[in-house]
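Sequence lines set the chain letters: A, B, ... in the order given, protein chains first and strands last, and positions in each chain run from 1. Only a predicted model underlies this, so the values are computations on that prediction, with no experimental measurement involved.
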Amino acid sequence: MAPARLHTPAPRARTMIHPGPFNPVRIQSQHATHGRHIRLALAPGLSLYEGLVKPLAELGITSASMTILGGYAARLEYCVAPPDKSKRALIAYSTPIPLGETYIIFGNATLGFDAAGKPLVHCHAAMRTDTGAVQGGHIITEETIIGPWPIPVLVTSLEGFELRQTFDPEINISVLKPLREQMI
Amino acid sequence: MSQAVAESGAMGRVAYARIAPNEDLVQGVEKLCLAEGFRNAFVRGALGSLVDACLGLRDGGTQLIKGPAVEIVSLAGEVRSTEDGGLQAALTGVVADPQGHVYGGPFIAGGNPICMTFEVTLEEWLPED
């Protein structure tokens with residue numbers, strides 16, 4: 001049966017049903033008393049993952065929010081997020097789409113830990129492909145190689161709490177969540 | 001006549017949040033400020049996905065980008081306290097549809113439900129009196 005059309009301005013935002021139980025806590029947040037900022041220059045030839053994780057680990061930074069300010073990748077892989085045909089979750093990442101030399105226009109990335117305690121980088125970016133088309137999506141940082149010039153990154157270190165990949169029963173996949181360090 | 005207005009201040013605390021599915025992007029950021037006690041803030045980083053994206057146009061209309069999911073690939077913006085005792089987020093950004101095609105504009109409050117997750121880092125802004 002079609003829903004009644006009430007006085008809701010179009011377009012009406014959709015509410016989607018996820019596979020797992022609804023969690024009444026909708027915002028999970030932590031804060032640090034101040035921000036610590038670092039400028040990184042990502043080293044040519046490294047993967048985006050290594051270029052971000054290694055220099056920050058040397059500074060003792062394991063959880064951070066990062067802005068990739070633009071630069072060339074020698075190659076890049078990314079995914080888009082269509083509906084999950086298996087229905088295990090609402091959406092699932094597509095198979096990786098490989099691109100050759102690519103200009104990363106702008107990106108945001110989060111550094112945390114995966115479920116096994118290894119550094120995890122979650123990165124979304126807009127990029128110009130070698131055909132000139134502009135695309136966007138989820139960047140596979142391990143398969144993206146920094147091009148011939150260093151890429152500048154502004155890092156905001158998250159201190160006093162950690163980001164950890166945690167299984168979320170509501171959406172049936174794991175996502176990064178902030179946890180106080182003494183709770184881990 | 002336009003007049004430039006400069007506001008001096010300092011950065012304060014830094015908050016990171018994971019906002020859950022079906023919450024609105026813009027109002028979710030406002031509620032994060034309520035949760036953390038921020039009255040003014042800048043977005044320092046954000047990524048995640050939307051069910052659909054709703055971007056504002058100059059004529060007051062909207063542009064709907066159909067998902068799910070529409071990936072947020074860039075986001076900038078601020079939260080400001082308002083004279084009526086509230087606070088208001090103004091967020092702008094670039095999104096990618098399920099084919100990877102990109103669109104950009106201001107996010108309309110109430111029109112951008114989160115699909116899977118939204119991660120955001122805010123830095124508190126403390127204006128000088």
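The side-chain tip of Arg180(A) does not point at the ring of Phe161(A) from less than 6.0 angstrom away and within 45° of straight on.
Contacts between Leu163(A) and chain B at a heavy-atom distance below 4.5 Å involve the side chain alone, from C-beta outward. Interface remark: Met116(B) contributes backbone and side-chain atoms alike to the contact with chain A (heavy atom separation under 4.5 Å). Looking at Glu124(B), neither its backbone nor its side chain comes within 4.5 Å of chain A, counting heavy atoms on both sides. Both the backbone and the side chain of Val134(A) come within contact range of chain B, each with at least one heavy atom under 4.5 Å from a heavy atom of that chain. For Glu159(A), no part lies near chain B; criterion is any non-hydrogen pair under 4.5 Å. Both the backbone and the side chain of Ile171(A) come within less than 4.5 Å of a heavy atom in chain B. When heavy atoms are compared at a cutoff of 4.5 Å, Ile72(B) approaches chain A solely by way of its backbone atoms N, CA, C and O. Looking at Ala125(A), the atoms closer than 4.5 Å to chain B (heavy atoms on both sides) all sit in the backbone: N, CA, C or O. Heavy-atom distances place the side chain of Cys54(B), and not its backbone, under 4.5 Å from chain A. In this structure, chain B has heavy atoms under 4.5 Å from both the backbone and the side chain of Thr15(A). For a residue to count as touching a neighbouring chain, one of its non-hydrogen atoms must lie under 4.5 Å from one of that chain's; by this rule Leu154(A) touches chain B with the side chain only. Proximity to chain B is absent for every atom of Asn23(A), based on heavy atoms less than 4.5 angstrom apart.
Residues of residues 19-28 of chain B that come closer than 4.5 Å to chain A, counting heavy atoms only, are Ile19(B), Ala20(B), Pro21(B), Asn22(B), Glu23(B), Gly28(B), ordered by residue number. Residues of residues 74-83 of chain B lying under 4.5 angstrom from chain A, judged on non-hydrogen atoms, are Ser74(B), Leu75(B) by number.
Atom CG of residue Leu55(B) and atom CZ of residue Phe107(B) lie 6.0 Å apart, to the nearest 0.5 angstrom. Taking CZ of Phe106(A) as the reference point, atom CG of Leu69(A) lies at 7.5 Å (rounded to 0.5 Å). Atom OG1 of Thr102(A) is separated from atom CD of Glu77(A) by 10.5 Å, given to the nearest 0.5 angstrom. Rounded to the nearest 0.5 angstrom, Thr166(A) OG1 and Leu176(A) CG are separated by 7.5 Å. Arg88(A) CZ to Ile173(A) CD1: the interatomic distance, rounded to the nearest 0.5 Å, is 12.0 Å. Atom CD of residue Gln30(A) and atom CG of residue Leu158(A) lie 10.5 Å apart, to the nearest 0.5 angstrom.
The candidate with the highest count of non-hydrogen atom pairs below 4.5 Å against chain A, out of Ala35(B), Ala17(B), Ser49(B), is Ala17(B). Counting heavy-atom pairs closer than 4.5 Å to chain B, the top-ranked of the candidates Ser94(A), Ala81(A), Pro82(A) is Ala81(A). Taking His101(B), Met11(B), Glu119(B) one by one and counting their heavy-atom pairs under 4.5 Å with chain A, the maximum is reached by Glu119(B). The greatest number of non-hydrogen atom pairs below 4.5 Å with chain B, out of Arg26(A), His31(A), Gln135(A), Gln28(A), is found for Arg26(A).
Placement of Val53(A) and Leu59(A) within a single hydrophobic cluster is found when ILVMFWY residues are connected by side-chain heavy-atom separations under 4.5 Å, directly or transitively. When hydrophobic clusters are built by joining Ile, Leu, Val, Met, Phe, Trp and Tyr residues whose side-chain heavy atoms come closer than 4.5 Å, directly or via intermediates, Leu76(A) is grouped together with Leu46(A). Hydrophobic clustering keeps Met66(A) apart from Leu122(B) (ILVMFWY residues linked when any side-chain heavy atoms are closer than 4.5 Å, directly or through intermediates).
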- Message: The test is ring pair (Phe, Tyr, Trp, His ring centres under 6.0 Å); show your working for Tyr93(A) and His138(A) and say whether it passes.
- Response: CA-CA 8 Å; Tyr93(A) 282 125; His138(A) 171 97; 4.0 Å; yes
- Item | Residues His18(A), Glu170(A); criterion side chain to side chain donor-acceptor pair (under 3.5 Å); working and verdict | CA-CA 6 Å; His18(A) 286 269; Glu170(A) 180 175 350; 5.6 Å; no
- Task: Please assess Arg18(B) against Thr117(B) for the test side chain to side chain donor-acceptor pair (under 3.5 Å), listing each intermediate value before the final yes or no.
- Result: CA-CA 7 Å; Arg18(B) 184 266 170 149; Thr117(B) 195; 2.8 Å; yes
- Test side chain to side chain donor-acceptor pair (under 3.5 Å) on Thr110(A) and His122(A) and set out the steps. CA-CA 5 Å; Thr110(A) 311; His122(A) 186 198; 5.2 Å; no
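For Leu47(B) against Asn108(A), the heavy-atom pair with the smallest separation is CD1-O, 3.9 Å. Smallest separation of non-hydrogen atoms from Pro68(B) and Arg14(A): CD-NH2, 3.6 Å.
With Ser157(A) as the partner, the side-chain contact (heavy atoms from CB on, under 4.5 Å) test is satisfied by one option alone out of Arg36(A), His37(A), His34(A): Arg36(A).
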